[in-house]
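Everything numeric here is computed off the predicted structure, so don't read it as measured data. When a ligand or atom number is given, it counts from 1 through the structure's own listing order.
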Amino acid sequence: MNIEQLEKAAEIIRKSRYTVAFTGAGISVESGIPPFRGENGLWNRVDPVYLEIDFFYTKPYQSWKVIKEIFYDKLGDAVPNLAHLTLAKMEERSYLESVITQNIDHLHQKAGNKRVCELHGTYKQLVCTQCHSEYDLSFANLNFLPPTCYICKGILKPDIVFFHEPIPKLVEKRSFEEAAKADVMIIIGTNAEVLPAARIPEIAKEHGAKIIEINIQPTHFTNSLTDIFLEMKATEALGKIGELLYL
Ligand code: APR
């Protein structure tokens with residue numbers, strides 16, 4: 001563990017005026033949720049075509065069957081880990097303004113964060129493809145797929161961003177604004193290979209933010225925009241930062 005780098009990171013966060021966290025699948029790996037890419041990545045065993053928006057509209061049953069298995073059967077039982085919990089404490093103690101996440105797992109909110117931009121949506125909500133009514137997951141019956149709308153009988157879609165589907169404008173705008181306001185951005189557990197998410201750290205950097213990156217391995221940001229690279233697990237790095245901030 002590089003304690004000097006961790007102390008430097010904690011000091012930057014302590015002195016910052018507006019710290020924003022940008023998270024990806026890596027932060028939830030220690031909660032038992034697999035990442036998308038790499039050795040144990042989801043896309044190694046599941047064809048991403050099921051998450052393409054055109055496929056969903058033409059074959060909703062097939063799409064839902066896979067989505068239920070990879071997300072809905074697992075995410076409900078997942079609990080936040082020390083990394084999520086530290087970010088929640090940081091927000092509570094005014095060390096963190098907001099979290100921008102690409103994750104759909106709702107673990108930042110479960111941990112206690114209030115200001116969360118969910119760039120890729122959330123599995124917790126379903127939306128009708130016909131009348132656009134929105135349902136909390138608890139109202140949907142996933143024993144019969146695809147689930148349908150109580151009002152118009154239209155097919156319900158998970159409120160997540162599918163491949164080839166645009167990010168909801170408001171969330172995108174808010175995320176870009178947060179990135180521009182940040183004087184410190186902590187990137188945690190993401191390859192950020194998909195746009196526009198990959199733009200978030202760049203926007204922060206362009207506006208003068210210091211970038212702290214936490215990942216078990218280097219990414220394409222590490223040698224381009226990262227100022228402090230903490231090559232370790234998210235729970236390890238944030239656990240230690242939490243101690244250094246006396247959370
Ligand atoms: N701690 C920190 N980082 C970790 C850990 C860990 N315990 N485990 C894995 N990582 C890192 C990996 O090294 C990798 O850089 O997390 C990253 C996960 O990358 P991806 O699986 O590509 O996930 P992400 O970047 O969030 O993907 C972005 O792609 O397909 C989509 O829509 C999906 O939101 C997702 C988007």
Salt bridge or not between Lys240 and Glu243? Use side-chain N to carboxylate O under 4.0 Å.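 Salt bridge flag = yes for Glu243 with Lys240.
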Which option, [options], owns the non-hydrogen atom nearest [atom]?
atom                    : options                     : answer
atom 29 (O) of ligand 1 : Arg37, Glu193, Glu30        : Arg37
atom 23 (O) of ligand 1 : Ala192, Ser28, Gly24, Ala25 : Ala25
atom 1 (N) of ligand 1  : Gly41, Ala234, Gly38        : Ala234
atom 10 (N) of ligand 1 : Pro218, Pro34, Gly26        : Gly26

Looking only at heavy atoms, what is the nearest atom pair of Gln62 and Tyr50, with distance?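 Scanning both residues completely, I find the closest heavy atoms to be O-CD2, 3.9 Å.
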Would you confirm whether Tyr72, through its side chain, and Tyr123, through its main-chain N or O, come within 3.5 Å as a donor-acceptor pair?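 Side chain of Tyr72 to backbone of Tyr123, a donor-acceptor pair under 3.5 Å: yes, one is there.
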When only distance counts, is [X] in polar contact with ligand 1, meaning an N/O pair under 3.5 Å?
X      : answer
Phe36  : yes
Gln217 : yes
Lys233 : no
Thr219 : no

How does Phe163 reach ligand 1, by side chain, by backbone, by both or by neither, if only non-hydrogen atoms under 4.0 Å count?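 Looking at Phe163 and ligand 1, just side chain atoms fall under 4.0 Å.
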